> 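Below are the structure tokens for one structure; questions will follow.
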Amino acid sequence: GLIMKRINEYRKLFNAESESTLKELKTAYRNLVKDWHPDKFQEGDEKAAEAEIMSRKIIENHIEEHINTAVNIDDAQKSQINNIAEIMINSLNNGGTIYWCGNGGSSSDSQHLAAELIGRYDQDRRPLNSLSLTTDSAVLTCIANDYGFDDIFSRQIEGLGKSGDILVGISTSGKSQNVYKALKKAQDMNVITIGFLGKGGGEILSVCDNHITINSNVTARIQEMHI
């Protein structure tokens with residue numbers, strides 16, 4: 001009855017193709033709350049309505065942006081993803097190890113992706129050789145203290161990597177110096193280098209044998225596509 005009428009009024013305004021005025025949305029929301037919870041409604045209390053409207057808008061904008069970023073992955077990028085998958089399979093089948101590195105959220109992504117290879121992902125199979133270079137706090141702090149933060153990954157790949165292995169460097173900006181130095185060192189050792197990048201690829205693009213560069217300048221969207 002009346003409640004459904006109010007809900008439909010609110011939805012119609014909220015989902016309107018043309019931008020509805022904030023005042024109209026606030027009024028529709030206030031009417032809905034007033035009819036649904038009259039005991040909780042206070043005349044003139046528009047802050048809660050405004051917060052609800054803005055929160056919903058933010059959520060919908062983020063979801064729409066995520067979908068658009070995924071949809072805009074073109075055929076060339078899809079071919080590159082397939083090519084990288086084949087390179088990884090070939091390395092693993094020949095006893096290679098896939099190493100990962102990155103900073104912040106990309107550090108977490110490194111751990112996540114290494115764990116999926118060592119673990120089972122979506123079906124039982126043998127564990128696949130994979131290691132994130134972001135996890136050993138003793139190694140990281142030792143190298144950072146004795147050499148510098150820019151060397152925390154390159155020093156590790158120098159000690160662990162061998163020809164035919166793979167190093168995946170993850171950087172949403174393409175500018176992370178420790179990732180750059182690690183990939184450069186890897187190339188000197190005939191370790192295959194792969195970049196998961198964004199924002200045009202940055203300086204790191206020059207030290208990648210293969211790369212997936214997400215066409216976005218928004219860090220959150222880039223990280224979502226990397227995973």
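All heavy atoms count here, side chains included; hydrogens, waters and symmetry mates do not. Since the model is a prediction, treat every value here as computed from it, not as a measurement.
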> Over 60° means perpendicular and under 30° means parallel, so classify the ring planes of His226 and Phe196, tilted if in between.
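Phe196 and His226: tilted rings.
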> Kindly work out whether a path of hydrophobic side-chain contacts (I/L/V/M/F/W/Y, heavy atoms less than 4.5 Å apart) joins Ile87 to Ile212.
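Cluster IDs for Ile87 and Ile212 match.
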> Tell me which pairs pass ring pair (Phe, Tyr, Trp, His ring centres under 6.0 Å) where either residue lies in residues 61-91, with sequence neighbours left out.
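Matches after skipping sequence neighbours: none remain.
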> Yes or no on side-chain contact (heavy atoms from CB on, under 4.5 Å) for Met88 and Val168, after CA distance, side-chain angles and deciding distance?
CA-CA 10 Å; Met88 288 181 168; Val168 182; 3.7 Å; yes
> Donor-acceptor check, side chain of Asn145 to backbone of Thr141, threshold 3.5 angstrom: yes or no?
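Pair absent, no side-chain N/O of Asn145 close to backbone of Thr141.
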> Would you find a donor on one side and an acceptor on the other, under 3.5 Å apart, between the side chain of Ser91 and the backbone of Gly164?
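Indeed, once roles are kept as given, a pair shorter than 3.5 Å links the two residues.
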> Rounded to the nearest 0.5 Å, what separates atom CD in Glu65 from atom OG in Ser216?
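Reported to 0.5 Å precision, the distance equals 6.0 Å.
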> Between Gln223 and Thr172, do the side chains contain an N or O donor and an N or O acceptor separated by less than 3.5 Å?
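Side chains of Gln223 and Thr172: no pair found under 3.5 Å.
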> Could you give me the CA-CA distance, side-chain angles and deciding distance for Gln111 and Thr135, then say whether side-chain hydrogen bond (donor to acceptor under 3.5 Å, both in side chains) is met?
CA-CA 7 Å; Gln111 296 175 44; Thr135 59; over 6 Å; no
> side-chain contact (heavy atoms from CB on, under 4.5 Å) for Ile170 and Leu113? Distances and angles first, verdict last.
CA-CA 11 Å; Ile170 306 178; Leu113 292 165; 4.2 Å; yes
> Counting only N and O atoms by type, is there a donor-acceptor contact under 3.5 Å from the side chain of Ser130 to the main-chain atoms of Ile98?
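Checking the backbone N and O of Ile98 against the side chain of Ser130, a donor-acceptor pair under 3.5 Å is found.
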> For Tyr121, what are the other residues in its hydrophobic cluster, where any two members join if their side-chain heavy atoms are less than 4.5 angstrom apart?
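The other cluster members (ILVMFWY side chains, heavy atoms under 4.5 Å, direct or chained): none.
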> Which residues pass the side chain to side chain contact (heavy atoms under 4.5 Å, CB included) test with Leu128, not counting sequence neighbours?
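Per chain and number, Leu128 pairs via side chain to side chain contact (heavy atoms under 4.5 Å, CB included) with Leu92, Leu117, Arg125, Arg126.
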> Show the numbers, then the answer: is there a side-chain contact (heavy atoms from CB on, under 4.5 Å) between Val207 and Thr193?
CA-CA 7 Å; Val207 289; Thr193 60; 5.7 Å; no
> Could you state whether Leu183 and Tyr180 fall into the same hydrophobic cluster, counting links through intermediate Ile, Leu, Val, Met, Phe, Trp or Tyr residues with side-chain heavy atoms under 4.5 angstrom apart?
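Hydrophobic grouping puts Leu183 with Tyr180.
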> Indicate whether the side chain of Lys184 and that of Ser206 have a donor and an acceptor atom separated by less than 3.5 Å.
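No, no side-chain donor-acceptor pair sits under 3.5 Å.
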> Quick one, Leu133 with Leu160, criterion side-chain contact (heavy atoms from CB on, under 4.5 Å). Give me CA distance, side-chain angles, the key distance, then yes/no.
CA-CA 10 Å; Leu133 303 179; Leu160 297 170; 4.1 Å; yes
